There are 2 protein chains.
Amino acid sequence: MNVRRTTIKDVAEAAGVGVATVSRVLSGGSASPETRERVLNAATQLDYRPSALGRNLRQRRSGGIGLLVPDITDSFYGRLADGVLACARSAGEPVVLGTTGDDAEREAEQIGMLLEQGVERVVAVPAGNAEIWEPTLRTGLTMVFAHRPVTARDDVPAVLADDRAGVRTAVDYLTGLGHRRIAYLGGPGQGQRVAAFRQSVGALLDEELIVFARGSRDSAYAAAAGLFQHRPDLTAVLAGGNQLGEAAVLAARELDLRVPKDLSLVMFDDVPWAELCSPPLTVIAQPAQDIGYRAAELVLRAGARRPRGVLLPTELIVRGSCGPRRTP
Amino acid sequence: MNVRRTTIKDVAEAAGVGVATVSRVLSGGSASPETRERVLNAATQLDYRPSALGRNLRQRRSGGIGLLVPDITDSFYGRLADGVLACARSAGEPVVLGTTGDDAEREAEQIGMLLEQGVERVVAVPAGNAEIWEPTLRTGLTMVFAHRPVTARDDVPAVLADDRAGVRTAVDYLTGLGHRRIAYLGGPGQGQRVAAFRQSVGALLDEELIVFARGSRDSAYAAAAGLFQHRPDLTAVLAGGNQLGEAAVLAARELDLRVPKDLSLVMFDDVPWAELCSPPLTVIAQPAQDIGYRAAELVLRAGARRPRGVLLPTELIVRGSCGPRRTP
DNA sequence: CTGAAAGCGCTAACAG
DNA sequence: CTGTTAGCGCTTTCAG
């Protein structure tokens, strides 16, 4: 089927030089101008494409960067992936994508697969904790965490949105509108945000108003509906992601809660449909694509300098889903 | 940095057999039960992970499947990718993802990269035409097109949604409501759908009511707004994708067109926010994930049988964005 | 500056 | 059934 691609050897023969010389020229090594031209000509003539296979084996590592996200279906991770792809493309590196479903076991399995492929640079939205990551990090691969850190692994660079500030801004906005019973609807791995939430609400803290969903849409809906039913006294909710926000809108609608009259809603992550929603959703925008791009940048530049992670700003975008506390 | 991973040779020594035997056992070849056990034990003991690098070079092809989509940020392609990933995972194959931006040149560049990586099986949502694809297909890689075919390349299997039926159903629905001036708002590579649209509207056909956007959200908005302004007499529009639908909703809102009172809207692709929209959008649902899964299946099984492509059903989901023709 | 040669880890003949 | 051997295409000493 395959007509044997031209190899470095063919080029060497055609140019009347040794394979080593071809290799050098093609990877920018030193060579006399004359030789260089002969090689380049031959290569062009033969339409030579160096095979990554040979190089990879020789160097005991595949180029390319691995990308692990919980769910490529989620707009946020889609944009994050897009950022990684953009950066990788400008570096000419392939990207191997895997999804973890926010499951530590599946994550480990994917890491194993990447390692088997010789991928030694990976950007991941981590699902597991420090203990889970321990063995992986010991393998010596170059890791960069994106979107959330692994607690107690500050030695691994992470590219994050400033969740703390985002949460605080949102909570301040809500309390400023008079809200006192503010709920947090969270997803997996949101330790940072929840901590920030607890801190931001301060004396208003009510642990019952903090609920979590697992990764799925169903779980998100169940959590939202459960929350609204059990605590009809709450007047505002902060959703920790676009799927959670979606669930909140749906659950509120189902329970005949008017947004923003009965319930004020702020959603983490600005998605295109936030504006189409009725009412348009007030959101905390996160630079998903930048997160991916910067993470990829770090993982590619690693080795040069030891990078220290990045914190990117969030922005509260006020639209129509928040109002003053309803007065009973 | 890397402590030299254990190789097949190490396992062979530990088990007191030759490397070939280890290779055989590990790839399910024949071996005496006793030998097999010794090898397996040694492998476990040493925590041996076969390196794909060596295998790939030897077999002159990397396993793994390439996936090319226009925009991973688009919910539809996100779901399609998810399907591909699901299938690949169950086959233990890595997926190399690339985006084309619906640009033939960029697509060719990505293909080049995949080839260089030794990837010989790719699922793509094609951007280029038959002429563009010609050289690529001659390289002998295993291709499966997803979501749309390349005209005049029926020799390449394609996994498609039944656009023809989807369009017809939508148009029938709209005409049934009394609409006579129905527009089609299309994106890149929608030859099939437009043809189906032309056929479905029959005598109602008005070429001015067929407009196209390029890939971007901006372009989609511009196309929608332009259409609505130039032809205020239209009463219904069929949007050829979720970004186009989004643009249509936005543009309609901007121009104070009430949906569905002034304008009925049907959107290709059911997305989560279609239900959150106000009014909820009537859509033609496409099995995006299935498309991806089936395509991956085909590309993996190819070689066994010569596959003939798949047509998956679409479904009209009536919600609230269509009404009877407004009577002036 | 350049070429010859030695593998990287694995699989696939080919003998035994 | 099993071991030996010859590379896959490339990079990288090491001499010349």
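Basis for what follows: all heavy atoms, side chains included, without hydrogens, waters or symmetry-related copies. Proteins get letters first, then strands, A, B, ... in listed order; numbering begins at 1 in each. Because the structure is a prediction, the values reported are computed rather than measured.
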Where the side chain of [X] is concerned, which of [options] is the nearest nucleotide?
X     : options               : answer
B/R60 : D/dG9, D/dT4, C/dC10  : D/dG9
B/T35 : D/dT2, C/dC1, C/dC8   : D/dT2
A/Q59 : D/dC10, D/dC1, D/dT12 : D/dT12
B/V19 : D/dT4, C/dG7, C/dA5   : D/dT4
B/R24 : C/dC14, C/dA4, C/dT2  : C/dC14

Any [X] side-chain nitrogen or oxygen under 4.0 Å from OP1 or OP2 of [N]:
X     : N      : value
A/T21 : C/dG3  : yes
A/S51 : D/dG9  : no
A/T7  : D/dC8  : no
A/R55 : D/dG9  : no
B/S23 : C/dA12 : no

Checklist entry - Any donor-acceptor pair under 3.5 Å linking the side chain of A/T44 with the backbone of A/L40? => result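 Yes: the side chain of A/T44 pairs with the backbone of A/L40.
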Checklist outcome for this item: Ranking B/G54 and B/R36 by the position along DNA chain D of their nearest nucleotide, the one closer to 5' is B/R36
Nearest-angstrom distance from the residue atom [atom1] of [X] to [atom2] of [N]:
X     : N      : atom1 : atom2 : answer
A/L26 : C/dT2  : CG    : P     : 14 Å
B/R38 : D/dC1  : CZ    : C1'   : 12 Å
B/R58 : D/dC10 : CZ    : P     : 16 Å
B/E13 : D/dG3  : CD    : P     : 13 Å
A/L57 : D/dT12 : CG    : P     : 13 Å
B/I8  : C/dC8  : CD1   : C1'   : 14 Å
B/K9  : D/dG3  : NZ    : P     : 15 Å
A/R61 : C/dG9  : CZ    : C1'   : 17 Å

Checklist entry - Taking 4.0 angstrom as the limit, do A/D102 and A/R148 come out as a salt bridge? => result yes
Next on the checklist: Measuring from atom CZ of A/F76 to atom CG of A/D71, what distance do you get when rounded to the nearest 0.5 angstrom?
Outcome noted: 12.0 Å
Checklist entry - Measuring from B/E131:CD to B/T151:OG1, what's the distance to the nearest 0.5 Å? => result 12.5 Å
Heavy atoms under 4.0 Å, any strand shown: does [X] hit a base, just sugar-phosphate, or nothing?
X      : value
A/A31  : sugar-phosphate
A/G118 : nothing
B/L53  : nothing

Checklist entry - Considering all heavy atoms of both residues, which atom of A/Q117 and which atom of B/A52 are nearest to each other, and what is their separation? => result OE1-CB, 3.7 Å
Item to check | B/A42 versus B/A14, closest heavy-atom pair with distance | outcome: CB-CB, 4.0 Å
Next on the checklist: Between the base of D/dG9 and the side chain of A/R49, is there a donor and acceptor pair under 3.5 angstrom?
Outcome noted: no
